[in-house]
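Got a structure for you, written out below as structure tokens; questions coming shortly.
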Amino acid sequence: MLNTTNIHHLSRKNIQALTPYQSARRLGGNGDVWLNANEYPTSPDLNLKERIFNRYPDPQPQAVIEGYARYAGVAPENVLVSRGGDESIELIIRAFCEADDAVLYCPPTYGMYAVSSETCGITTKTVPLTADFQLNLPEIERNLNGVKVVFVCSPNNPTGNLIKRSDLLELLQMTVNRAIVVVDEAYTDFCPEATLANELVNFPHLAIIRTLSKAFALAGLRCGFTLATPELIGILQKVIAPYPLPVPVADLAAQALSQQGIEQVQQRVNNVLENRQKLIENLQKCPNVVKIFESEANYILVKFKDSQKVFKTLWEQGIVLRDQHKALGLSDCIRITIGTAEENRKVVEAIVKSP
């Protein structure tokens, strides 16, 4: 019988050294105010209509593809559905990166670009964002040798700001015939005018990641999308699992993408924007708040005089936020998801009273 102490040494070397992504649920916590995962604070009321479970699902459910294409303003052939946006990240790396290629991303940003690259055994290059959280294009260009995929998040997580459209277009120009540019638009529902979806016709090496986890309030469904040219979509279809979307997920996603579902999304977006503004106004009155960064998403990044004390104090009161103190350039910063008006009130009251 194999000694279990040797199992670790049988795993791939890069996996032995890998630190897994610290998701909100992995970090744990106990409380009743969960503002650490950029989820919508309440759940939509959906019920299954499709109850045939003995057959495998469609590889790419037509109702879901067509529904999201309408919502995103693209053709169905520009859409691939996957198990959340996270699967899209890994699919692109697996489909385009050889063993000696590299992935480039710009911290501080979403942690899964690094984790997925390292899991696949692909080298990563980092070009930090500028002091105002924008792309350092000259430095990116200097580091493009050997890079096959570039990841950019806009609005950026965890900073909340949009990356300048002109800079994204310049990045696309400098990477023509060199690399795939992935623009992660997980939070674009809160600023739809900023999407690059209308640029797909101009840049065949552009891939856009979307999700139902935020404004659609369906994080538990794990349903995401890649928007790209049919050629790029066809390449991803070679590596995606045969049946990525379970029947119940496709059923509920199709309902969420109905006309009524889209109207509810707009109501949620309006609610988030209203609550975000109120939260910012109230936090600006807190003496221990140093700066509230501009946000176009369903969260805000806040710099405190002593974020560790604030985070610990609220944690102990059952208010769970996302500590960003160790992220590049974000010392004493905490990311706060926009909750209900009542949840936001509790956060402000607790911050005011924190030491």
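Reckoned from all heavy atoms, side chains included, excluding hydrogens, waters and symmetry mates.
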To the nearest 0.5 Å, how far apart are OH in Y110 and CG in D184?
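So the OH of Y110 and the CG of D184 are separated by 7.5 Å.
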Would R83 and S88 satisfy side-chain contact (heavy atoms from CB on, under 4.5 Å), going step by step from the backbone distance to the final call?
CA-CA 8 Å; R83 293 168 290 195; S88 178; over 6 Å; no
Spell out, as yes or no, whether a donor-acceptor pair under 3.5 Å connects the side chain of N78 to the backbone of A228.
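Present.
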So does K303 have more than 12 non-hydrogen atoms from other groups sitting under 6.0 Å from NZ?
yes
Side chains of T119 and S116, heavy atoms from C-beta outward: is any pair under 4.5 Å?
no
Hey, does the side chain of T337 reach the backbone of N38 with a donor-acceptor pair shorter than 3.5 angstrom?
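Answer holds: yes.
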I'd like to know if the side chain of S307 reaches the main chain of F304, judged simply by a donor and an acceptor atom lying under 3.5 Å from each other, with no hydrogens or angles considered.
no
Answer yes or no: does atom CD of E294 have more than 12 heavy-atom neighbours from other residues, nucleotides or ligands under 6.0 Å?
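Atom CD in E294 is not packed in, count stays at 12 or less.
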Check: I336 and L283 side chains under 4.5 Å, non-hydrogen atoms:
yes
Report yes if some heavy atom in the side chain of R345 is under 4.5 Å from a heavy atom in the side chain of V348; otherwise report no.
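A side-chain contact is absent here, since even the closest heavy-atom pair is not under 4.5 Å.
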Does the pair T188 and K214 meet the rule for a side-chain contact (heavy atoms from CB on, under 4.5 Å), with working shown?
CA-CA 9 Å; T188 198; K214 311 305 177 185; over 6 Å; no
Side chains of Q267 and E263: any donor to acceptor distance under 3.5 Å?
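Absent: no donor and acceptor within the cut-off.
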Is it true that the side chains of S213 and R222 contain a donor and an acceptor less than 3.5 Å apart?
yes
Decide whether a cation-pi geometry holds between R335 and Y299; the criteria are a distance under 6.0 Å from NZ or CZ to the six-membered ring centre and an angle within 45° of the ring axis.
yes
Note, P44 side chain near L218 side chain (heavy atom, < 4.5 Å)
yes
Closest approach of L104 to C106 (non-hydrogen atoms, all atoms of both residues)
CD2-SG, 4.1 Å
Are V150 and V176 joined in one hydrophobic group, where the rule is that I, L, V, M, F, W and Y side chains link up if heavy atoms are under 4.5 Å apart?
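No, V150 does not connect to V176 through the hydrophobic network.
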How long is the gap from SG on C286 to NZ on K353, to the nearest 0.5 Å?
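C286 atom SG to K353 atom NZ measures 12.0 Å (nearest 0.5 Å).
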Do you see a donor-acceptor pair shorter than 3.5 Å between the side chains of T195 and E185?
yes
Can you find a pair of side-chain heavy atoms, one from T159 and one from P108, that are under 4.5 Å apart?
yes
Is the centre of the Y105 ring less than 6.0 Å from the centre of the F151 ring?
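No: the rings miss the under 6.0 Å criterion.
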Tell me yes or no: between the side chains of Q308 and D323, is some donor less than 3.5 Å from an acceptor?
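Yes, because at least one side-chain N or O of Q308 sits under 3.5 Å from a partner of the opposite role on D323.
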Check for a donor-acceptor pair, side chain of H325 on one end and backbone N or O of D332 on the other, with a separation under 3.5 Å.
yes
According to a 4.5 Å side-chain heavy-atom criterion applied to Ile, Leu, Val, Met, Phe, Trp and Tyr, with indirect links allowed, do L328 and Y113 form part of one hydrophobic cluster?
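Different hydrophobic clusters.
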Under a 3.5 Å distance rule, please check whether E343 uses its side chain to pair with a backbone N or O of T340 as donor and acceptor.
yes
Looking at Q260, I want to see if its CD is surrounded by more than 12 non-hydrogen atoms of other residues, nucleotides or ligands under 6.0 Å.
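Incorrect, the count does not exceed 12.
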Any side-chain heavy-atom pair of T109 and N157 under 4.5 Å
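T109 does not reach N157 side chain to side chain.
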Just how far is it from atom CD1 of I300 to atom CG of L279, taken to the nearest 0.5 Å?
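CG of L279 is found 4.0 Å from CD1 of I300.
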Go through the steps for R165 and E199 under the test side-chain contact (heavy atoms from CB on, under 4.5 Å), then give the verdict.
CA-CA 11 Å; R165 188 182 188 88; E199 296 291 346; 3.7 Å; yes
Please output the side-chain donor-acceptor pairs of residues 231-238 that fall under 3.5 Å, not counting sequence neighbours, one pair per line with the distance.
none

Is there a side-chain contact between L252 and L221 in this structure, where contact means two heavy atoms from C-beta onward sitting under 4.5 Å apart?
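Yes, at least one pair of side-chain atoms sits under 4.5 Å.
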Least distance between heavy atoms, P244 atom then A241 atom
CD-O, 3.3 Å
Side-chain atoms of residues 46-61: list all donor-acceptor pairs with protein atoms under 3.5 Å, sequence neighbours left out, distances to 0.1 Å.
| from | atom 1 | to | atom 2 | distance (Å) |
| --- | --- | --- | --- | --- |
| E50 | OE2 | I52 | N | 3.0 |
| Q60 | OE1 | V81 | N | 2.8 |
| Q60 | NE2 | V81 | O | 3.1 |

Test your reading of the model: is there a side-chain donor-acceptor pair from R94 to the backbone of I240, 3.5 Å cut-off?
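Absent.
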What one should report as the nearest heavy-atom pair of P41 and G339 is CG-C, 3.8 Å
Show, in sequence, the C-alpha distance, side-chain angles and deciding distance for E274 and N270, and conclude whether the side chain to side chain donor-acceptor pair (under 3.5 Å) test is met.
CA-CA 6 Å; E274 180 180 342; N270 292 339; over 6 Å; no
Could you check F293 against N161 for side-chain contact (heavy atoms from CB on, under 4.5 Å), going step by step and ending with a plain yes or no?
CA-CA 8 Å; F293 294 88; N161 65 292; over 6 Å; no
Below 30° counts as parallel, above 60° as perpendicular, anything between as tilted: where do the rings of H205 and F203 land?
perpendicular
Test your reading of the model: is there a side-chain donor-acceptor pair from N298 to the backbone of I338, 3.5 Å cut-off?
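Checking the backbone N and O of I338 against the side chain of N298, no donor-acceptor pair under 3.5 Å is found.
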Heavy atoms of C223 and T211 approach each other most closely as O-OG1, 3.6 Å
When hydrophobic residues are tied together by side-chain contacts of less than 4.5 Å, even through go-betweens, does L169 share a cluster with L200?
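Yes, because L169 and L200 connect within a single hydrophobic cluster, where side-chain heavy atoms sit under 4.5 Å apart.
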Are Y243 and V64 co-members of a hydrophobic cluster defined by side-chain heavy atoms under 4.5 Å apart?
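In one cluster: no.
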Going by atom type alone, with no hydrogens or angles, which donor-acceptor pairs under 3.5 Å involve a side-chain atom of residues 122-136 and a protein atom two or more places apart or on another chain?
| from | atom 1 | to | atom 2 | distance (Å) |
| --- | --- | --- | --- | --- |
| K125 | NZ | N143 | O | 3.1 |
| K125 | NZ | N145 | O | 2.7 |
| T130 | OG1 | D132 | OD1 | 2.4 |
| T130 | OG1 | Q134 | N | 3.1 |
| T130 | OG1 | Q134 | O | 3.3 |
| Q134 | OE1 | K164 | N | 2.9 |
| Q134 | NE2 | L162 | O | 2.9 |
| N136 | OD1 | E139 | N | 3.2 |

How long is the straight-line distance from CD of E87 back to CD1 of I89, given to the nearest 0.5 Å?
10.5 Å
Please give me the minimum heavy-atom distance between A207 and I180, naming the atom from each residue.
CB-CG2, 4.5 Å
Check: T175 side chain, L172 main-chain N or O, donor-acceptor pair, under 3.5 Å:
yes
Counting only heavy atoms from other residues, nucleotides and ligands, does the tally under 6.0 Å from CD of E342 exceed 12?
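Atom CD in E342 is crowded, with more than 12 foreign heavy atoms closer than 6.0 Å.
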Can you tell me if D251 uses its side chain to pair, donor with acceptor, with the backbone of P248 under 3.5 Å?
no
For the CD1 atom of I351 and the NZ atom of K285, what is their distance to the nearest 0.5 Å?
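Between I351 CD1 and K285 NZ, I get 14.0 Å after rounding to 0.5 Å.
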Quick one: CZ on R210 to OH on Y187, what's the gap to the nearest 0.5 Å?
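Going from CZ on R210 over to OH on Y187, the span is 14.0 Å.
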Same cluster for V201 and L196 if Ile/Leu/Val/Met/Phe/Trp/Tyr side chains link at under 4.5 Å?
no
Minimum heavy-atom distance between L227 and A72, given as atom pair plus value
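Nearest heavy atoms, L227 then A72: CD1-CB, 3.9 Å.
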Counting N and O atoms only, with roles assigned by atom type, does the side chain of R70 sit under 3.5 Å from a partner on the main chain of P76, one being a donor and the other an acceptor?
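Pair absent, no side-chain N/O of R70 close to backbone of P76.
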So do the side chains of V272 and F190 get within less than 4.5 Å of each other, counting heavy atoms only?
yes
